[in-house]
Every structure is written in structure tokens, then in C-alpha cells.
2 protein chains.
Amino acid sequence: MNIQTNKPEKVCPVEVALNIIDGKWKLRILYFLQDRTLRYNEIQEKIPGITQKVLTSQLRQLEKDGILTRRAYAEIPPRVEYSLTPIGKKLITVYKALNVWALEYLDQELVRN
Amino acid sequence: MNIQTNKPEKVCPVEVALNIIDGKWKLRILYFLQDRTLRYNEIQEKIPGITQKVLTSQLRQLEKDGILTRRAYAEIPPRVEYSLTPIGKKLITVYKALNVWALEYLDQELVRN
DNA sequence: CTGAATCCCATTGGATACTG
DNA sequence: CAGTATCCAATGGGATTCAG
């Protein structure tokens, strides 16, 4: 890609954001974490349809990207809590923008059909 | 999914929006179309790295979802123009929200590293 | 010029079973 | 409880070729 061009493939910020958001369930996860810490199981319960493997993987990615924090307690039974980082909380803004737009969109779809 | 539950798999608006936005290049395309109509080739030039198949496919999806309009002129050489629909233009809001967040995010990443 | 048609591969996500 | 470990299917996206 970009073979012999002088455009240095500058990474558009939006793409960075999209890569972070990308993943079927990530925004859903963020949504539920927006105002409180949740345990692994609690998240899973709130998102019916997600499998453990996928949930774990998306949580790991979000953690890697600095969107949320994972705290494991050395207890029996084990306890792991997830919460949003400050920058993660700010992503809710995007969620809301999406939501506002989606409502408008669905509204006009109704009219179209 | 949701076998024998009473939750009727309500489609979260945000998911609708995500499905529409989803696709590596869609927001980029929207971005370039935000204030003017563009021809196929013009879009392709503005987005280095995208292949024709993918560009065509993403344009078709956006058209199907009512985000943009395709106008083909029966001329030689052929001319095809793309422009945003009203609801498509409103998606720019989301783009901007993403962008604002992404800038903040990249900023703090710099601090972290 | 503006695509459509094929072929192909990598990645994502899902089903299921197992574990410290 | 909070994950791993496998295996598998679907999809997205890329390279290339063909066509109106």
C-alpha cells in the first residue's frame, strides 16, 4: 500500500478510534460500564448472546487500548472487576452521538416504508 | 440466539448505526462527500489503498442504507456521481464526535509513552 | 471511465468443552 | 467465578481479470 507515494500513510485519528471501537460488542460493553464497575459475570449477563471467549477477547482489547481497567482479586472464588478509564468514559460521547443519529435514522426509515 | 427467552432481541439503535458505519472505509467516504458530490474516480483517488471491488461494495451498502445517492449518467465516457442524503450528512456529527475523542485519545497516549 | 466477476486468504466471531 | 483451548464458519477485504 502506498508504494512510492509521498503521502506517508498518515493515520487518520478517526481510524484509530474506529479500530478501537471495532468489534461487535465493544460499544455495548462500554455502555454498561459507563457509570459503574462490573464483574465479568455481570457483563456477560447483560449482553445475552456473547460467548465467554469473545467477551474475554473484547475486554482484553479494550484493556490494551486503555479504554478500561481490569482488576483481579486473589480470592476464592476469584473476582475480576472492570471499569472504564477516564478516556474510556469519554467514549460515551461517541456512543451518544451514534445513538442520536440512529434514532433519527430509524425514524425516517419508518417514513420511507 | 435467544431461544425461549422473553427478550425479543430488541435491536439497539446503536447497533443499527454500527452496522451501517461498519466497514473499513465507510466513514472516510462519508467524510469526503460531506460537502460535495464526487465521481467514482475522485473518491478512489482520495482514498489511497482502497480497491475497486471494495469501494464499489461499500458504496453499494451505503446506498442501500440510504446514506448516499448514486446517479449514473448515460454518457460516453460514463459518469457516476455520489452524494450524501440528508440523513447521511447528519452522520458527519458522529464522525466529528469520533474525531474529537480520537484527538484526545492520541494526546493522552503520547503522555502515557 | 466505471464498474462487475472470480478467486483467494486472513481475521473475527461462534460452539463447545475443559480448568485453576 | 473467570476464564482457556479447540475447532469451525462466515465475512471482509485484496489481486486480478473482464466488460459495457
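Each chain gets a letter, A, B and so on, in the order the sequences are listed, and its residues count up from 1. What's counted below: heavy atoms across the whole structure, side chains too, no hydrogens, waters or symmetry copies.
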K.L.:
Which whole-number value in Å describes the distance from B:Leu38 CG to C:dG3 P?
P.N.:
13 Å

K.L.:
Tell me whether A:Tyr105 contacts the main-chain N or O of B:Leu91 through its side chain, where contact means a donor paired with an acceptor under 3.5 Å.
P.N.:
no

K.L.:
What's the closest nucleotide to the A:Tyr40 side chain, out of D:dG13, C:dT2, D:dA2?
P.N.:
D:dA2

K.L.:
Rounding to an integer number of Å, can you tell me how far A:Arg28 CZ sits from C:dG13 C1'?
P.N.:
16 Å

K.L.:
If only side-chain N and O atoms of A:Arg79 are considered, is one of them under 4.0 Å from the OP1 or OP2 phosphate oxygen of D:dA2?
P.N.:
no

K.L.:
Could you tell me the separation between the CD1 atom of A:Ile76 and the P atom of D:dC1, rounded to a whole number of Å?
P.N.:
13 Å

K.L.:
Select from A:Pro78 and A:Thr56 the residue whose nearest nucleotide in DNA chain D is closer to the 5' end of that strand.
P.N.:
A:Pro78

K.L.:
Using whole Å, report how far CD1 of A:Ile29 lies from C1' of C:dG13.
P.N.:
13 Å

K.L.:
Between D:dT4, C:dC1, C:dA4, spot the one nearest the side chain of A:Arg60, thanks.
P.N.:
D:dT4

K.L.:
Which nucleotide in the list D:dG3, C:dT2, D:dG13 gets nearest to the side chain of B:Lys24?
P.N.:
D:dG13

K.L.:
Can you see if the side chain of A:Arg70 gets near the phosphate of D:dA2 - specifically, an N or O under 4.0 Å from OP1 or OP2?
P.N.:
no

K.L.:
Which one, C:dG13, D:dA15, C:dC1, comes nearest to the side chain of A:Val54?
P.N.:
C:dG13

K.L.:
Round to the nearest Å and state the distance from A:Glu81 atom CD to D:dC1 atom C1'.
P.N.:
13 Å

K.L.:
Does B:Tyr31 OH have over 12 foreign heavy atoms under 6.0 Å away?
P.N.:
no

K.L.:
Starting at atom CD of A:Glu42, determine the distance to atom C1' of D:dA2, rounded to an integer number of angstrom.
P.N.:
13 Å

K.L.:
What is the minimum heavy-atom distance between B:Lys26 and B:Leu62, and which atoms define it?
P.N.:
CD-CD2, 3.6 Å

K.L.:
Keeping the roles fixed (side chain from A:Glu15, backbone from A:Cys12), state whether a donor-acceptor pair exists under 3.5 Å.
P.N.:
no

K.L.:
Name each donor-acceptor pair under 3.5 Å that joins a side chain in residues 81-90 of chain B to protein atoms two or more places apart or in another chain, with its distance.
P.N.:
unit_1, atom_1, unit_2, atom_2, d
B:Glu81, OE1, B:Tyr73, OH, 3.3
B:Glu81, OE2, B:Arg79, NH1, 2.9
B:Tyr82, OH, B:Arg70, NE, 3.4
B:Thr85, OG1, B:Gly66, O, 2.7
B:Thr85, OG1, B:Ile67, O, 3.0
B:Thr85, OG1, B:Gly88, N, 3.1
B:Lys90, NZ, A:Glu104, OE2, 2.6

K.L.:
Any side-chain N or O of B:Gln58 less than 4.0 Å from the OP1 or OP2 oxygen of D:dG13?
P.N.:
yes

K.L.:
Starting at the 5' end of DNA chain C, which residue's closest nucleotide do you reach first, A:Gln52 or A:Asp22?
P.N.:
A:Asp22

K.L.:
Within this structure, what is the CD1-to-C1' distance between A:Ile50 and D:dG3, rounded to whole angstrom?
P.N.:
13 Å

K.L.:
Without decimals, in angstroms, what is the distance between A:Ile43 CD1 and D:dC1 C1'?
P.N.:
13 Å

K.L.:
Check whether any side-chain N or O of A:Tyr82 sits under 4.0 Å from OP1 or OP2 of D:dG3, and answer yes or no.
P.N.:
yes

